[in-house]
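So the structure is just underneath, and the comments pick up after that.
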Amino acid sequence: MPRVARAESSSGSRVIAHIDMDCFYVQVEQRKQPTLRGHPTAVVQYNSWKGGGLIAVGYEARKYGVKRSMRGDEAKKVCPDIQLVQVPVARGKADLSVYRNAGSEVVSILARRGRCERASIDEVYLDLSEAAETMLAESPPERLESISEEALKSHVLGLHMDGVSTKDCVKEWFLMSNVHRRDKLLACGALIVAEIRLEVLNETEFTCSAGIAHNKMLAKLASGMNKPAQQTIVPFSSVEKLLEPLPIKKMKQLGGKLGTSLLADLGVDTVGGLLQFSEEKLQECYGINTGTWLWNIARGICGEEVESRLLPKSHGSGKTFPGRQALKTVYSVQKWLNELCEELYERLLCDLEQNKRIAHTLTLHASAYKLNDMESLKKFPSKSCPLRYGIAKIQEDSLNLFNAGLREFTSICSAKIKGSKQHEWAITGLSVSASKIVVIPSGTHSIMKYFHNQGQTCIPIKEPDGISTQNAASLSSSGNGCCVSLHLPGPEINTCENEAKTNLDMPCLNPYEDEIEVCKARFDFMFVNVLIYKDAFHMEKFTDNQDPFLSRMIQEEDRLTEKLLLSSSSGAENGLGSKLTQSHMDSHGPVLKSENQKRKFDKQKGTPSILRFFQSHNSSSFPEQDHVSTFQENEASSSGLQAINGSPGRKSTCSLVEDEFRSNAWNYKSDEIDPVVLNELPPEIQAEVRAWLQPQKRANTVKKGSSIIHYFSPTANS
DNA sequence: ACGGCTGATACT
DNA sequence: TAGTATCAG
């Protein structure tokens, strides 16, 4: 909750829109299956129990009294004609990817018009202040020869003095010239939103509703007032009358316990009721932040900014196991964790490919009860650890996290029963999630670029003003190979030729620190890619087994490499991009075998494409060399990577990669690093590199290591 | 011990 | 920070 409110009047009025898709899941299904249009429809989560649980209800069905959180059977009873569509199922669980992707479609349209915040899978905030100002300056409504039909259908709160709000009234309101400037801005905003909503409809076939107001809170309130497919405007003058009788539970954030205690403590059940309490009083009751926040929202004040964020901050995959489905063996837990991790990892790869983002933290949540314990109210603890890319690693780590949690869960409270049999616990819910997702800086979008960029290794590259990093490229999606990629128009963002620009959005830290962050992110990016390929390589042996997921994964990763390489200009020149993927599977790459014949890798048929890429890109003589050094020509001596490997002439990037491929037990010692090169690095980088060389704790011990090295920790405990 | 699944945020 | 709790839809 945004606890700091900005004075509304101090800096000119903002124009904020909240766009809310109408019964979104239903619309998505209706688009997929147009015969459903016009019929009472609901989306149910696959669940043979009682016909499944409704998670979205179309407006035709609502007329019959069908409600969310009814079971499918009840819905049928109330509305026998209802069409129940099932949510897609993958890996034994509901998969919401199609809806997520559909949401991305909408967001990419909205984002063209102003700062855009994806508030949920089907809700978006838009800051239209600039656009409205521009319109007011250049072509104000009163100078328009006509107001669009859609805009004329707007609802203007407070306009209708009880009863009739005709189109004429609305038209008059739009054209009113003797009104406060802030209302004219709202009118402009409403015209824009009407336009946007038509765009959305044309391009996606989805209808939405919208609220237009001076802040997020009011916009959100308004968007729900006239649904579906309508928009509602909240003029400043209508705020008091709107809020005064409004049940407190209708306000966002007050629908839960806080709202309840407001009634219990203060006897207040409408927003207007709050007005009688001083800010101090509210602070006494609910703390300084919440108190002030309450005081403000009662007056329609909400300074919360629209964040520029089109992508989610975390990904998660979870499932519940209610009743007797509860999991009672570690085995079954592991089985389900593996499924959940598969989905999560698929989405992570999507995010990496489409948005160039890397997640850094893996978290496991579980819910459980104890069988013998009378008080089974104990919570199963959440656990997290550094996230290592690679499906097997995520699966292993999540299981370790679970076991760590389970030990706490079982030990702390019920040490009483010593002969601990299997069934003292049961798991009713599992979820894995990935967070701390960071965008790789522009210019790092291919490994080639990294290596070609050497002279100026760590120049921070910023986006053009007004476009935040994570809005770059395309919108995330996930799941099932249907990675929708929607590119935003606008300024070129992804060129490494862009030099450092000043970023106005950021308070700009020490530029030097900034530089280091960019460096770290680049390391992360490259290493993650290498490791993904290592994993794909391992998986090759499974392709014969026709495991659909594994082979899909391999394809996925092939595509990723190809894209990355094609996107690199020099890769394209050499024709490497396409050659590489072709050669991925064939068997000409015994380059590594000289050293470690026993290693698993040597039994594989191919050389991982990334590695091969390194090889072929470089000296032509590479394959013959026994212990090769590469990239000598390309790299300036300031390369941080070289420093990790040692001196430029001795052991370089390629051999670092090789070593990683050769050895499951990755353990560089400090003495393998040329101290001269290490000392050339900026002090912070030196520190970081040295830190990498320390032994790292991992999931078992549940401690977060430094940003990069944990990717390299061996997979197995052995 | 059934509304399931997914996300954000604030507190500590 | 990691872990918990609350909220929303």
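Here is how names work: the chains are called A, B, and so on, in the same order as the sequence lines, proteins then strands, and each is numbered from 1. Note that the structure is predicted; figures quoted are calculated from it, not measured.
At the heavy-atom level, A:K319 lies under 4.0 Å from the strands shown only through sugar-phosphate atoms. At the heavy-atom level, A:S69 lies under 4.0 Å from base atoms of the strands shown. Residue-level contact check: A:K220 touches the backbone only, with heavy atoms under 4.0 Å from sugar-phosphate atoms and none from bases. No engagement by A:I121 is indicated, since no non-hydrogen atom pair under 4.0 Å with the nucleic acid exists. A:R71 comes within 4.0 angstrom of a nucleotide base, judged by non-hydrogen atoms across all strands. Nucleic acid contact for A:T428: none, since no nucleic acid atom lies under 4.0 Å from a heavy atom of the residue.
Distances shorter than 4.0 Å separate none of the side-chain N or O atoms of A:R118 from OP1 or OP2 on B:dA8. Between A:K252 and C:dT6 there is no side-chain N or O to OP1 or OP2 distance below 4.0 Å. A:S314 has a side-chain polar atom (N or O) that falls below the 4.0 Å cut-off from OP1 or OP2 of B:dA8. Phosphate contact (OP1/OP2 of B:dT6, side-chain N/O of A:R100, threshold under 4.0 Å): present. Side-chain nitrogen and oxygen atoms of A:S382 include at least one within less than 4.0 Å of the OP1 or OP2 phosphate oxygen of C:dT4. Between A:T320 and B:dC5 there is a side-chain N or O to OP1 or OP2 distance below 4.0 Å. Look at A:K383 and you'll find a side-chain N or O under 4.0 angstrom from OP1 or OP2 of C:dG3. The side chain of A:K257 contributes an N or O atom lying less than 4.0 Å from OP1 or OP2 of C:dT6.
In this view, A:W295 satisfies the ring-ring contact (aromatic ring centres under 6.0 Å, His included) rule with no residue, not counting sequence neighbours. In this view, A:F380 and A:F402, A:F409 satisfy the ring-ring contact (aromatic ring centres under 6.0 Å, His included) rule, not counting sequence neighbours.
A:E339 and A:K93 are not joined by a salt bridge, as no carboxylate oxygen comes within less than 4.0 angstrom of a charged side-chain nitrogen. Ion pair A:E74/A:K67 not flagged as a salt bridge, since none of the NZ, NE, NH1 or NH2 atoms sits closer than 4.0 Å to an Asp/Glu carboxylate oxygen.
The distance from atom CG of A:L362 to atom P of C:dA2 is 12 Å, rounded to the nearest whole Å. With rounding to whole Å, A:L258 atom CG is found 7 Å from C:dC7 atom P. The interatomic distance linking A:I55 (CD1) with B:dG7 (C1') rounds to 14 Å, in whole Å. Atom CG in A:L310 sits roughly 13 Å away from atom P in B:dA8 (whole-Å rounding). Distance, A:K436 NZ to C:dA2 C1': 7 Å, rounded to whole Å. Put simply, OH on A:Y125 is 11 Å from P on B:dT9, counting in whole angstrom units. Between A:K370 atom NZ and B:dA1 atom P the separation is 12 Å, expressed in whole Å. Straight-line distance from the NZ atom of A:K249 to the C1' atom of C:dC7: 11 Å, rounded to whole Å.
For A:Y369, counting side-chain heavy atoms from C-beta on, the closest listed nucleotide (B:dG4, B:dA8, B:dA1) is B:dA1. Comparing atom distances between the A:P322 side chain and each of B:dG7, C:dT4, B:dG4 picks out B:dG4 as nearest. When distances run from any side-chain atom of A:E123 to the nucleotides C:dG9, C:dA5, B:dC11, the shortest one goes to C:dG9. The side chain of A:Q253 lies closest to C:dC7 when the candidates are C:dA2, C:dC7, B:dC2. Distance from the side chain of A:L96 is smallest for B:dT6 among the nucleotides B:dT6, B:dT9, C:dT4.
Residue-to-nucleotide proximity on DNA chain B shows that, of A:L340 and A:G323, the 5′-proximal contact is made by A:G323. Of the two residues near DNA chain B, A:K93 and A:R324, the one whose nearest nucleotide lies more 5' is A:R324.
Nucleotides B:dA1 and C:dG9 place their P atoms 27 Å apart, quoted to the nearest Å. Of the C1' atoms belonging to B:dG3 and C:dA8, the separation is 14 Å, rounded to the nearest Å.
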From CA spacing to verdict: side chain to side chain contact (heavy atoms under 4.5 Å, CB included), A:E304, A:M217: CA-CA 8 Å; A:E304 192 184 340; A:M217 175 203 84; over 6 Å; no
Test log, rule salt bridge (charged side-chain N to carboxylate O under 4.0 Å, His left out), inputs A:E346 and A:R91: CA-CA 12 Å; A:E346 191 171 54; A:R91 304 182 188 94; 3.2 Å; yes
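Under the 6.0 Å distance and 45° angle rule, A:K335 does not count as a cation-pi partner of A:Y331.
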